[in-house]
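Only one structure is covered here, and it is reproduced in the block below.
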Amino acid sequence: MAGRTRRHPAGRHRLRRLDHGAGPAGQRRVRLGQPDRAAARGARPRRGVRRCPRHAAGEGGLHGHARVLHQRRRRAGGNPRALGPPPLPRGAGRGRHDPGGHYPGEYLKEVGQAIADSDGDRWVGRPEAEWLEVFRARAVELMVLDIKRDLLGMGIRFDTFSSERALVEAGAVQRVLETLQARGLVYTGILEPPKGKTPEDWEPRPQLLFKASEFGDDVDRPLQKSDGSWTYFANDIAYHHDKFLRGSPELIDVLGADHGGYVKRMKAAVTAITGGEGSLDVKMCQLVSLFDGGKPVRMSKRAGTFVTLRDVVEAVGPDVVRFIMLTRRNDQTLEFDYQKVREHSRDNPVFYVQYAHARATSVLRHAAEALPDRDLSDAALSAVPLGSLGDPDELGLVKVLAGWPRLVESAADAHEPHRVAFYLGEVAAAFHGLWNKGKDDARLRFILPDDAETTLARMALVRATATVIASGLAVMGVQPVEELRE
RNA sequence: GCGCCCAUAGCUCAACUGGAUAGAGCACCCGCCUUCUAAGCGGGCGGUUGCAGGUUCGAGUCCUGCUGGGCGCGCCA
């Protein structure tokens, strides 16, 4: 197998580093290979924590025009045979393999159990032809519900779920094909075998092809399988066209890094099917590596030691997950240490930003006590003269805050929500710095009992800080914290 | 073999799509708690942005070629 020989040197390299007793970095990488790869190869949507939910979290909040997010899980119900023989009253297929050699994963056991619960022994001893389709439908239904529940658990709600099957049955693929044919972009031809690696079962075969090469792709791409059904690619064209027709000229796909080879042809197809009216941006997502107190969390499909997104959300809360997920570019792998994110320390970016917000609201509370006869409402503060703000650090904070509109706009344009998280870190740092300056110099404290005018100007600054942090957190779908006490 | 993504301080990562002296945190060293939350702050140390060319007034950012890593490569989703 060509893939294996190519991967081999890398594997050896890793081992060698370990043998040499490499530093923490080397070891980390070695150990990480396993869970990462397992998660990727497992290809089971909610097994392991992936980047994609993280990105969905960000974009849903960032783009009004891209708010309709889509998620398809072909895998769900893709292999109903893995459910095994008709379920027994107690847990179907537990611990055994189905005839096809598939692992009945935990999630399929749950489906089997659900069917057993509702249908009893109705399917026992019945031929596959009777139960297969029923099981498939039930599996899809339950899996989608399961996915929606997990997503809702961290505050993600999809406006639209597109069913590939429904799209095909509604004839969308057929219509798209006709459109492409009308534009002379479809023909029947024979593809060259891939260079360097010719599959053993390769044989020249005429296929229905899309002229992707006219739009920047390397070769033309097949639309139809030999059994007459559509390829994955053909269905995807229909899906993107459907989304375009629903009123979104700017399409965004969030894909795993293993789908990188798909980008060119999909962009080509979007250009072709929309007559150049639509555009497609593809965000590639790397995996998230789970750590616990600096040690990688090992996951094994066999041992059933997978940590799911739901597990993590339950452990640390949805806001922490959302924030941490957005502290990296989506195309970088993220190390998620769910010991660290619960710490109340500078190491924990969620805490750091929330602490700044809590401090700001705390100051405002104290100011209300110190100046009971003054109006500290937002409206009043926005009209306060700011001439007394003159300290370099005060002005520094003002400048950072003034950059918020531009920052959030550029993050939206670039489809890079992580910039908001980094920006909030800057705001928090500027505010914490100013706060501590008041420790050294009492005149720089926010509240000056004998100088109401300066205090009011500073309250305007503090209020603005809290507002910007709250706005940024809102973009990320995170609730600002008013108070942090033990 | 071909294609896509990536390479920035010892480590983990930024850098507002080509702008001024490339910034944070961790780690290490030195300071700061009678006073709005020290769960914090200030200072120091640390860089030929993988290598070599090119375009430009200006390049971490764009182009070419290398090196090293990830992913993929016709009826699989």
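The chains referred to below are lettered A, B, ... by the order of the sequence lines, with proteins before strands, and numbering in each begins at 1. Just so it is clear, the model here is predicted, and its values are computed rather than measured.
Listed candidates were rA77(B), rC16(B), rG74(B). Nearest to the side chain of Lys225(A) is rA77(B). Taking only side-chain atoms of Arg359(A), from C-beta outward, the nucleotide of rA14(B), rC36(B), rA38(B) with the closest atom is rA38(B). Picking from rA15(B), rG40(B), rG74(B) the nucleotide with the shortest atom distance to the side chain of Arg329(A) gives rA15(B). For His366(A), whose side chain is taken as the heavy atoms from C-beta onward, the closest listed nucleotide among rA15(B), rC36(B), rG74(B) is rC36(B). Closest to the Val363(A) side chain, of the nucleotides rC16(B), rG40(B), rC36(B), is rC36(B). Among the nucleotides rC16(B), rU17(B), rG3(B), the one closest to the side chain of Lys264(A) is rG3(B). Distance from the side chain of Pro222(A) is smallest to rG74(B) among rG74(B), rC36(B), rG40(B).
For Glu416(A) and Arg419(A), the salt-bridge test passes: some basic side-chain N is under 4.0 Å from an acidic carboxylate O. The pair Asp441(A)-Lys437(A) does not meet the salt-bridge criterion, since no charged nitrogen lies less than 4.0 angstrom from a carboxylate oxygen. In this structure, Lys283(A) does not pair ionically with Asp253(A), as no charged nitrogen and carboxylate oxygen lie closer than 4.0 Å.
Nucleic acid contact for Leu407(A): none, since no nucleic acid atom lies under 4.0 Å from a heavy atom of the residue. At the heavy-atom level, Ala358(A) lies under 4.0 Å from base atoms of the strands shown. Among the heavy atoms of the strands lying under 4.0 Å from Arg406(A) is at least one base atom, whether or not backbone atoms are also near. Nucleic acid contact class of Thr231(A) (heavy atoms, under 4.0 Å, all strands): none.
A distance of about 32 Å separates the C1' atoms of rC26(B) and rG18(B), rounded to the whole Å. On the C1' atoms, rC5(B) is 14 Å away from rG68(B), given to the nearest whole Å. rU67(B) and rG1(B) have their P atoms separated by 10 Å, given to the nearest Å. The C1' atoms of rC57(B) and rC66(B) are separated by 29 Å, rounded to the nearest whole Å. A distance of about 11 Å separates the C1' atoms of rG70(B) and rA7(B), rounded to the whole Å. Atom name P, nucleotides rA22(B) and rC51(B): the rounded distance is 16 Å, in whole Å. rG25(B) and rC4(B) have their C1' atoms separated by 32 Å, given to the nearest Å. rU49(B) and rU61(B) are spaced 10 Å apart, taking the C1' atom of each and rounding to whole Å.
Phosphate contact (OP1/OP2 of rA38(B), side-chain N/O of Trp435(A), threshold under 4.0 Å): present. Close to rA15(B), at under 4.0 Å from its OP1 or OP2, lies a side-chain N or O of His418(A). Within the 4.0 Å cut-off from OP1 or OP2 of rC36(B), not a single side-chain nitrogen or oxygen of Ser362(A) is found. For Arg221(A), no side-chain nitrogen or oxygen approaches OP1 or OP2 of rC73(B) to under 4.0 Å. For Tyr352(A), a side-chain nitrogen or oxygen approaches OP1 or OP2 of rC41(B) to under 4.0 Å.
Under the side-chain contact (heavy atoms from CB on, under 4.5 Å) test applied with Arg463(A), the options Val468(A), Val384(A), Asp378(A) reduce to a single match, Asp378(A).
Across all strands shown, rC57(B) forms a Watson-Crick or G-U wobble pair with rG19(B), both key distances being under 3.5 Å. Across all strands shown, rC26(B) forms a Watson-Crick or G-U wobble pair, both distances under 3.5 Å, with rG10(B). With a cut-off of 3.5 Å on both pairing distances, the Watson-Crick or G-U wobble partner of rG31(B) is rC41(B). In this structure rG3(B) sits in a base pair with rC71(B), meeting the Watson-Crick or G-U test at under 3.5 Å.
Aromatic ring orientation, Phe210(A) versus Phe233(A): tilted (interplanar angle from 30° to 60°). Ring geometry for Phe351(A) versus Tyr355(A): interplanar angle under 30°, hence parallel rather than tilted (30 to 60°).
The CZ atom of Phe336(A) sits 15 Å away from the P atom of rC13(B) (whole-angstrom rounding). The nearest whole Å value for the distance from the CZ atom in Phe351(A) to the P atom in rU37(B) is 13 Å. The distance between atom CG of Leu448(A) and atom C1' of rU35(B), rounded to the nearest whole Å, is 12 Å. A straight line from CZ of Arg265(A) to P of rC76(B) spans 14 Å, rounded to a whole angstrom. The distance between atom CG of Asp217(A) and atom C1' of rG72(B), rounded to the nearest whole Å, is 13 Å. A straight line from CG of Asp218(A) to P of rG74(B) spans 13 Å, rounded to a whole angstrom. Rounding to whole angstrom units, CD of residue Glu343(A) and P of rU12(B) are separated by 19 Å. Following rounding to the nearest Å, Phe446(A) (CZ) and rC41(B) (P) show an atom-to-atom distance of 13 Å.
Formation of a donor-acceptor pair under 3.5 Å by the His415(A) side chain with backbone atoms of Ala411(A) is not found in this model. Here the side chain of Asn348(A) pairs a donor or acceptor atom with the backbone of Glu343(A) at under 3.5 angstrom. Between the side chain of Ser471(A) and the backbone N or O of Thr467(A), at least one donor-acceptor pair lies under 3.5 Å. Here the side chain of Gln181(A) pairs no donor or acceptor atom with the backbone of Val186(A) at under 3.5 angstrom. For the pair Thr231(A) (side chain) and Lys225(A) (backbone), a donor-acceptor distance under 3.5 Å is absent.
A donor-acceptor contact under 3.5 Å is not formed by the side chain of Arg328(A) with the base of rC13(B).
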Checklist entry - Can you give one letter per nucleotide of nucleotides 22-32 of chain B, 5' to 3': B if a protein heavy atom sits under 4.0 Å from the base, S if only from the sugar-phosphate, - if neither? => result ---SS-----S
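The 5' end of RNA chain B is approached more closely, in terms of each residue's nearest nucleotide, by Val263(A) than by the other of Val263(A) and Lys437(A).
Classification of rU64(B) as anti follows from a glycosidic angle more than 90° from 0. Glycosidic torsion of rC41(B) falls outside 90° of 0, placing the base in anti.
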